[in-house]
Amino acid sequence: MMKMAFKSLLSCRFLPHSSAAVSSYCVTRVDSHFHLFSTITNHNPKPKPPFIASSPRPHAQLQQLLYDKSKIGFDNLDDALFVFHKMLNMKPPLSVMKFNQLLVALVRMQKYSVAVSMFRELRVLCIPVNIVTFNTIIKCCCCHLNNTLDHAFSLLGGMIKSGLVPNVVTYTTLIKGLLSQDRPVDAEHLFKKLLTFNEVQPNVVTYSIVIDGLCKTSNGYCKRQKVDKAIDLRRQMPEGLKPGVETYNTIIHGLFQMGRHGEARNLFNELLSNGDKPDIITCRILLDGFCKNQQIDEAISFFGLMECNGIIHDIQIYNILIDGLCKNRKLDEARHIFNNLVSRGLQPDVVTHNILIRGLCQEGLFEEAKELLSKMEVSSCLPNDVTYNTIIHGSLVNKKYKEALVLIETMRTRRFSADASTTSMVIDLLSTEEQDQSVLAFRKWFLQ
DNA sequence: GTAGGGTTAG
């Protein structure tokens, strides 16, 4: 039944428009799915150009480099700093747009504080900046882990002082900042202000960010209300502000998180019937949604369709499926897919390994998990903090206390630290009656 | 050709 509904959900949009509404439950031919996948947008980043070298036209080469790096970021911070200082000394100076591209490249590298420092230097040197520069730096303040949101708002003041008029991007960035700093009330207040403000009207991105905030905040009953509010808000979007696939993705994800998979499918159906193109992220959300809503068979069918149509040459989508299989107690299938990744031309990344290590530990196969960790340690895919915390978690669950101690020590050597989950497991262990030598050793470790 | 939106591991 579910499978039929799922197939029809995928099929309906590929009928001609005139007949699409007739019956979305009639056409279930697999070949019709091809059209779905042929419409999906694949994001293929441009190949990275070589770093700036001697050239007969250094100016032009630098400008090209800035454009390219604004899309993908510099390979390292030193390169970005080198370019910045080169730019400061150029005569005639480069345009503000080129400085903006440099700042955007730093944002892509998540080097927010460096971008803010560069902006300050530009201001001190009286190098012209524009609204894009301010908006980029406001974003940096909103993204920074330390609470620099107040600074973002003072930049808003600075902008106005400089004679620049904040636009919808400025306010949208600030709303996102408030939401990400867990200030939903202030975000909503600012959003409502925009709605009543004549000069700047929220656009589809603003709505999308607010909807995303509603879908992400809170647990339980409150969450249900917020997701409903998000759906209402999408319906209330003014005519002409057509929600993009990103807005659909946000709400579909929110619905799946709530366990409202039927509504999630309906919304996906609506996306298709509106003529929108699902993208790779829609596919990831659906696959993950099926996996986490006890619909592993649907997930496998969906994955098969994507695979048939060649749109999933992407390790991330495999990670979602492997995780789903592990969580649905289908370890053999998960292991099989993992072992065949290389032959499919894909390299498992650290997330893939962590997922499988967790799955193995969950099934009591701690030795096999350890073997996988050992393989990672001598491979190009080195374990990270999640890997260690995962396997330590597994060792504790499997009562391998001595092993856990060794792993904790190794983790320390690698300069990773125990996360909240690992620490709380150790506290639980110490509070039990089981006071064997290893547990006592844990106490020593914990009190260090 | 410069700025703001969506997904996956513990």
Side-chain angles (χ1 to χ4, degrees), chain A residues 43 63-64 66-71 94-105 107-108 115 129-140 142-143 166-177 179 202-213 215-216 243-254 256-257 278-289 291-292 314-324 326-327 348-359 361-362 383-394 416 418-422 424-425:
Chain A
H43 302 289
Q63 299 211 29
Q64 183 62 46
L66 284 163
Y67 173 75
D68 292 337
K69 296 300 179 187
S70 73
K71 307 292 176 205
L94 289 179
S95 70
V96 59
M97 185 173 73
K98 289 292 147 191
F99 281 99
N100 290 343
Q101 286 176 339
L102 175 73
L103 296 175
V104 170
V107 170
R108 300 230 184 278
V129 294
N130 64 11
I131 190 165
V132 177
T133 329
F134 269 100
N135 287 345
T136 307
I137 299 304
I138 286 174
K139 178 181 174 169
C140 289
C142 290
C143 291
N167 62 9
V168 65
V169 178
T170 321
Y171 289 110
T172 303
T173 308
L174 288 167
I175 289 171
K176 173 88 191 287
L179 285 168
N203 62 15
V204 69
V205 179
T206 326
Y207 273 92
S208 188
I209 285 173
V210 175
I211 288 168
D212 183 46
C215 287
K216 277 185 180 148
V245 67
E246 299 90 346
T247 310
Y248 278 104
N249 288 347
T250 300
I251 302 178
I252 291 170
H253 184 232
F256 269 126
Q257 281 185 309
D279 62 11
I280 188 74
I281 296 179
T282 322
C283 292
R284 289 177 194 159
I285 290 170
L286 281 171
L287 185 67
D288 188 54
C291 287
K292 290 184 177 151
D314 171 347
I315 191 64
Q316 293 182 44
I317 209 125
Y318 276 91
N319 289 347
I320 293 169
L321 181 67
I322 293 171
D323 185 49
C326 289
K327 286 186 175 139
D349 63 10
V350 67
V351 177
T352 331
H353 285 86
N354 293 348
I355 288 167
L356 195 61
I357 286 175
R358 186 180 176 280
C361 290
Q362 190 182 296
N384 63 10
D385 57 333
V386 178
T387 320
Y388 284 105
N389 278 290
T390 304
I391 199 154
I392 291 165
H393 183 275
F416 295 121
D419 64 13
S421 164
T422 305
S424 96
M425 277 196 87

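Values below: all heavy atoms of this structure, side chains included; hydrogens, waters and symmetry mates excluded. We name chains A, B, ... by the order of the sequence lines, and we start the count at 1 in each one.
- Looking at every heavy atom in both residues, A:Thr247 comes nearest to A:Ile211 through CG2-CD1, 3.8 Å.
- Remark: P of B:dT7 and CG of A:Asn249 are 9 Å apart, rounded to the nearest angstrom.
- Closest to the side chain of A:Val350, out of B:dA3, B:dG5, B:dA9, is B:dA9.
- Backbone-only contact: A:Val104 has heavy atoms under 4.0 Å from sugar-phosphate atoms and none from a base.
- Applying the 3.5 Å distance criterion, the base of B:dG5 shares a donor-acceptor pair with the side chain of A:Glu246.
- Contacts of A:Val107 with the nucleic acid, taken as non-hydrogen atoms under 4.0 Å apart, are absent.
- If you check B:dG10, B:dG1, B:dT8 against the side chain of A:Gln64, the one that comes closest is B:dG1.
- Side chain of A:Asn389 to main chain of A:Asp419: a donor-acceptor pair is present (N/O by atom type, distance under 3.5 Å, no hydrogens or angles).
- Contact annotation: A:Lys176 does not reach the phosphate of B:dG4 (side-chain N/O to OP1 or OP2, under 4.0 Å).
- Between the C1' atom of B:dG10 and the CG atom of A:Asp419 lies a distance of 6 Å, rounded to the nearest Å.
- Nearest to the side-chain atoms of A:Val169 among the listed nucleotides B:dA9, B:dG1, B:dA3 stands B:dA3.
- OP1 and OP2 of B:dT8 both lie 4.0 Å or more from every side-chain N or O belonging to A:Arg284.
- Put simply, NZ on A:Lys216 is 7 Å from C1' on B:dG6, counting in whole angstrom units.
- Straight-line distance from the CZ atom of A:Phe416 to the P atom of B:dA9: 19 Å, rounded to whole Å.
- Across all strands, A:Val204 comes closer than 4.0 Å to base atoms (heavy-atom distances).
- Between B:dG10, B:dG6, B:dT2, one nucleotide has an atom nearer to the side chain of A:Asn130 than all others, and that is B:dT2.
- Across all strands, A:Thr247 comes closer than 4.0 Å to base atoms (heavy-atom distances).
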Practice problem: Carefully, step by step, assess A:Cys291 and A:Asp323 under the rule side-chain contact (heavy atoms from CB on, under 4.5 Å). | Solution: CA-CA 8 Å; A:Cys291 287; A:Asp323 185 49; over 6 Å; no
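- The base of B:dA9 sits with one of its N or O atoms less than 3.5 Å from a complementary donor or acceptor on the side chain of A:Asn384.
- Atom CG of A:Leu174 is separated from atom P of B:dG4 by 13 Å (rounded to the nearest Å).
- Note: NZ (A:Lys327) to C1' (B:dT8) measures 9 Å, nearest angstrom.
- In terms of polar N and O atoms assigned as donor or acceptor, the side chain of A:Asn203 comes within less than 3.5 Å of the base of B:dG4 in a complementary pairing.
- For A:Asn389 and B:dG10, a side-chain-to-base donor-acceptor distance below 3.5 Å is absent, hydrogens and geometry of angles not being considered.
- Residue A:Asp279 has its side chain nearest to B:dG6 when only B:dT2, B:dG6, B:dG5 are considered.
- A:Ser421 comes within 4.0 angstrom of nothing in the nucleic acid, heavy atoms only.
- Put simply, CD1 on A:Ile209 is 5 Å from C1' on B:dG4, counting in whole angstrom units.
- A:Leu179 places its CG atom 13 Å from the C1' atom of B:dG4, with the value rounded to the nearest Å.
- Minimum atom distance to the side chain of A:Asn319 is reached by B:dT8, of the listed B:dA3, B:dT8, B:dG4.
- A side-chain donor-acceptor contact under 3.5 Å links A:Lys98 to the backbone of A:Gln63.
- In this structure, A:Thr173 reaches the sugar-phosphate backbone alone: every heavy-atom distance under 4.0 Å involves primed, P, OP1 or OP2 atoms, never a base.
- Distances from the side chain of A:Val132 to the nucleotides B:dT2, B:dT8, B:dG1 place B:dT2 closest.
- Residues that satisfy the salt bridge (Lys or Arg N to Asp or Glu O under 4.0 Å) test with A:Arg284, not counting sequence neighbours, are A:Asp314.
- Backbone-only engagement by A:Gln101 is indicated by non-hydrogen atom pairs under 4.0 Å involving sugar-phosphate atoms exclusively.
- The minimum heavy-atom distance linking A:Thr172 with A:Ile209 is given by the pair CG2-CD1, 3.2 Å.
- When the ring-ring contact (aromatic ring centres under 6.0 Å, His included) test is applied to A:Phe99, no partner is found at least two apart in sequence or on another chain.
- Residue-to-nucleotide contacts include no donor-acceptor pair under 3.5 Å from the side chain of A:Thr250 to the base of B:dG6.
- Proximity of A:Lys292 to the phosphate of B:dA9: a side-chain N or O atom is located under 4.0 Å from OP1 or OP2.
- With B:dG5, B:dT7, B:dG1 as the candidates, the nucleotide lying closest to the side chain of A:Ile285 is B:dT7.
- A:Thr352 comes within 4.0 angstrom of no nucleic acid atom, judged by non-hydrogen atoms across all strands.
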